[in-house]
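Beneath this line is the structure, given in structure tokens, with notes to follow.
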Amino acid sequence: MKVVKVKRRSQVLKNPAFGCLKDIPSVNVTRGCLHRCAYCYARVFPETPKNEVQLYENLPEKLEKEIVSRLKRGRKPKAVAFSTASDAFQPNEAILQISFECMKILLKSGVAVSFLTKGRIPEKFFSLFNEHKGLVKPRFGLVSLSSDYRLIFEPRTAPLYLRLRLIEKAAKLGLEPAVRIDPVIPGLTDREEMVESLMRRLAMAGVKEVSVSYLVLRPKVMEQMEKELPYAFWQKIFSVYQGEPWCQVITSATTKLVRKEIREKGYALFKEIGRAFGLTVKICGCKNPDLPFEFCAPWEIKEKMPKQKELFK
Ligand code: SF4
């Protein structure tokens with residue numbers, strides 16, 4: 001897929017109006033994402049280009065101006081999150097350079113940076129993070145150590161063992177990396193032996209906290225997965241959503257969740273195995289509005305936690 005440079009016209013630092021990201025501005029350096037995960041909901045947004053990834057080449061310039069203006073008004077954001085609908089570490093030099101410049105501007109201004117990635121983080125980022133320890137909240141997306149899983153669901157992301165090495169490196173630098181196990185694929189990546197091998201490796205890599213959520217389905221994501229996964233495989237996954245009602249999850253009123261008893265059993269297993277390896281396991285509250293709320297974002301804004309009733313209508 002080609003990467004096309006475009007100019008960002010609108011404001012960069014906007015607070016997403018959903019879930020636990022509500023009070024944290026987020027930055028997406030691209031529209032679209034080279035990783036193209038089969039389950040990705042951002043791929044089916046109407047504004048996401050289908051055959052290219054658009055890179056906002058003027059993002060650092062705009063971001064710098066906005067930060068200076070906010071500092072003058074005493075409105076420095078506490079943290080900025082990369083990225084809600086893309087990945088800051090996609091395999092493309094120009095994208096990585098824009099991500100680097102944006103993170104540098106924020107960190108030098110004393111603004112904490114959080115990111116969630118399934119990509120390869122180049123060395124120069126670690127040098128930058130090392131200079132700003134305490135302001136960097138890295139999170140890595142890692143669902144399974146099975147190469148079959150990666151091949152089917154996220155073949156363009158960084159290899160799983162490379163991601164483990166990046167996690168290890170972040171832990172050695174004292175960055176306290178957390179891992180997001182999302183989306184758990186029912187009947188596949190929630191099998192006891194798979195959960196155990198993942199948790200063991202994460203603990204060995206120096207992880208202390210993980211957040212977990214099962215795959216949530218929206219109509220367009222269902223179409224995408226049906227098209228991209230082997231048919232029988234998709235049918236098996238979909239069987240645990242069949243008959244479940246559409247519900248409000250984050251911004252979408254048409255979301256299907258895995259049957260509640262399957263999620264409860266699966267989450268209990270993740271918690272039990274995680275505990276055995278000394279890991280704190282949190283269940284993503286935003287994506288499980290019918291379960292007791294757990295706050296799994298890396299910043300402390302607990303007084304502003306979304307109410308369960310607001311999420312589950
Ligand atoms: S890395 Fe994230 S944003 Fe990119 S395709 Fe995968 S799920 Fe979507």
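Every number for a ligand or one of its atoms is a count from 1 in the order of the listing. Computed from a prediction, not measured in an experiment: that's the story for all the values here.
The closest protein non-hydrogen atom to atom 4 (Fe) of ligand 1 is C33 SG, 2.3 Å. Distance from atom 6 (Fe) of ligand 1 to its nearest protein heavy atom, with residue and atom name: C37 SG, 2.4 Å. The protein non-hydrogen atom at the shortest distance from atom 8 (Fe) of ligand 1 is C40 SG, 2.3 Å.
Distance alone, capped at 3.5 Å, places no donor-acceptor pair between the K78 side chain and the V111 backbone. Remark: side-chain polar atoms of T30 are not paired, donor with acceptor, to backbone N or O of C33 under 3.5 angstrom. The closest donor-acceptor contact from the side chain of Q224 to the backbone of A38 lies under 3.5 Å.
Of all the listed residues (H35, R43, K118), K118 holds the heavy atom that lies closest to atom 2 (Fe) of ligand 1.
Between K14 atom NZ and T84 atom OG1 the span is 10.5 Å, to the nearest 0.5 Å.
For the pair S86 and ligand 1, a heavy-atom separation below 4.0 Å is found.
Using a 4.0 Å cut-off to heavy atoms of D87, the atoms of ligand 1 that qualify are 1 (S).
Under the 4.0 Å criterion applied to side-chain N and carboxylate O atoms, R200 and E196 are assigned as salt-bridge partners.
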